[in-house]
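Keep in mind that the numbers below use all heavy atoms, side chains included, and drop hydrogens, waters and symmetry copies. Remember, it's 1-based here, ligands and their atoms both numbered in the order they're listed.
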Amino acid sequence: MPQQEQWASKLGFILSAAGSAIGLGAIWKFPYITGQNGGGAFLALFILFTVILGLPLLLAEFTIGRSGGGNALSAFKKLAPRTPWYGIGILGMITCFILLSFYSVIGGWIIIYLYKVITGELSGIQSAGYDQLFETTIANTPLSLSMQFIFMLITILVVSKGIQNGIERMSKIMMPALAILFFILVARSITLPHAMEGIRFLFQPDFHKVTSHTVLEAMGQSFFTLSLGVSVMVTYSTYLSKKESLPKSAISILVMNIAVVLLAGLAIFPAVFAFDMEPDAGPVLLFHVLPSIFSQLPYGMLFFCLFLIVFLFAALTSGFSMLEIIVAIISKGDKRKRKISAWIIGLAIFAFGIPSALSYGVLAEFKIFNRTFFDLADYTVSNILMPIGALLIAIFVSWIMKKSTVFAEIQEGSQMKKGLIQSWYFLLRYVVPIFIILVTLDVLGIW
Ligand code: PHE
């Protein structure tokens, strides 16, 4: 069996895992869901769930990955031999396959807009023109397919280079760049006239707007943004040395994730309010609202360009992790097999994503269960497969794995107090599963 590759440094691991977490969920979905759910109250719930449910799950995935080793399949097989629990790894693989197939469609749109902004095509359009431009752009089949392909190509090339030379190296460049660009964008946004209104909207909780739906949405969002339930974090932690502290790493990733969510809110809402736009514009917020805001500012298109670069980097570092879990399972640590499998799986994901891309063009009227292919893929992943995966992972660590193995793994490389480990175990054993079951039933409309 080939020697398992390891992260070159702890920082590399943290930036790569944070790169997986910080993606379209935190910076694209989060602002508009917050907009639709009354601002500050939603933010407060999101942070609460991220800490009491997300953090325990993240640490659970790390525990499985580092104690099991290998990949997301062999780790489960080693920890629970001759049982079907490795199905969690298979579920993660399938989920990431579907997820990346439509994630790359949005990645493609970002590349198209980046091209348009650089060539000046986005300048001088009247506000309403941006809606129309977006509709015609994404309905353009050859264009959206080719850019989706480019997004996949970058992902394949990076993953095929392996952990240290591929994912770690790119994350070490892209994540700090993302942070710097975000600070510039926030500085621009909060110095606009009336920026305070946006800041107030983001931070002032209006709990009247909170319904059961808001609560559930906040929870789903916290899982999605932390990449939980799909064994991506299991995979990344199989490459982690026993010397590193799992709880500390999990907390660093959590803090970065929340920081980015706040930065995204601070970059977007003040601008939205300064220009009297609606904060609840939905998924189109990025492609309609932002360009029309920035086109009215001096050097606005430069700032919009920075926004798109941030989005692209965030989407790519998440995309790497989705492909990596599958490639790691298939190549089993063999370098040559890694290259071939990255290409084959990457291209298969691209092919599977074609109907999602066409959902905004020729297949717009083609509906399964009343949804377009894109929406169906998104719905299945976010509302069904991910919660099931998260539930199974919580159960696996707290009910199936030996308690002594779990505790020993957490203590390896860390000085976490026994009492804290006990509380974590309790959350994982009772609180997390109960919450997930309630959410899933609600989202599926079963209760
Ligand atoms: N966390 C990513 C985001 O916020 C999405 C993701 C989910 C990535 C699951 C990998 C695995 O966009």
Centre-to-centre under 6.0 Å for [X] and [Y], is that the case here?
X    : Y    : answer
F369 : Y379 : no
F435 : F223 : no
F374 : Y360 : yes
F287 : Y113 : yes

(message) With a heavy-atom distance limit of 4.0 Å, tell me whether K29 approaches ligand 1 through its side chain, its backbone, both, or neither.
(response)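 Under 4.0 Å from ligand 1, K29 contributes no heavy atoms.
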
(request) Report the part of T95 in contact with ligand 1, treating N, CA, C, O as backbone and CB onward as side chain, heavy atoms under 4.0 Å; options are side chain, backbone, both, neither. (result) neither

Atoms in ligand 1 with a heavy atom of [X] nearer than 4.0 Å:
X    : value
S321 : 10 (C)
A21  : 1 (N), 2 (C), 3 (C), 4 (O)
V230 : 9 (C), 11 (C)
A26  : 4 (O)
L24  : 3 (C), 12 (O)
G23  : 3 (C), 4 (O), 12 (O)

(request) If the plane angle is over 60° it's perpendicular, under 30° parallel, otherwise tilted; pick one for F307 and F182. (result) perpendicular

(request) Classify the ring geometry between F201 and F273 as parallel (under 30°), tilted (30 to 60°) or perpendicular (over 60°). (result)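 Geometry flag for F273 against F201: tilted rings.
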
(request) Could you tell me whether the side chain of T137 reaches within less than 4.5 Å of the side chain of K116, counting heavy atoms only? (result) yes

(message) With heavy-atom distances below 4.5 Å as the criterion, would you say the side chains of L99 and L385 are in contact?
(response)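 With C-beta onward as the side chain, the pair stays apart.
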
(message) Among all the protein's non-hydrogen atoms, which is closest to atom 12 (O) of ligand 1, and how far away is it?
(response)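 Nearest neighbour among protein heavy atoms for atom 12 (O) of ligand 1, to 0.1 Å: Y103 OH, 2.5 Å.
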
(request) Give the residue, atom name and distance (to 0.1 Å) of the protein heavy atom nearest atom 10 (C) of ligand 1. (result) S227 OG, 3.5 Å

(request) Decide whether an N or O pair under 3.5 Å exists between I22 and ligand 1. (result) no

(request) Pick whichever of S20, G25, A18 has a heavy atom sitting closest to atom 2 (C) of ligand 1. (result)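 Looking at heavy atoms only, the winner is S20.
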
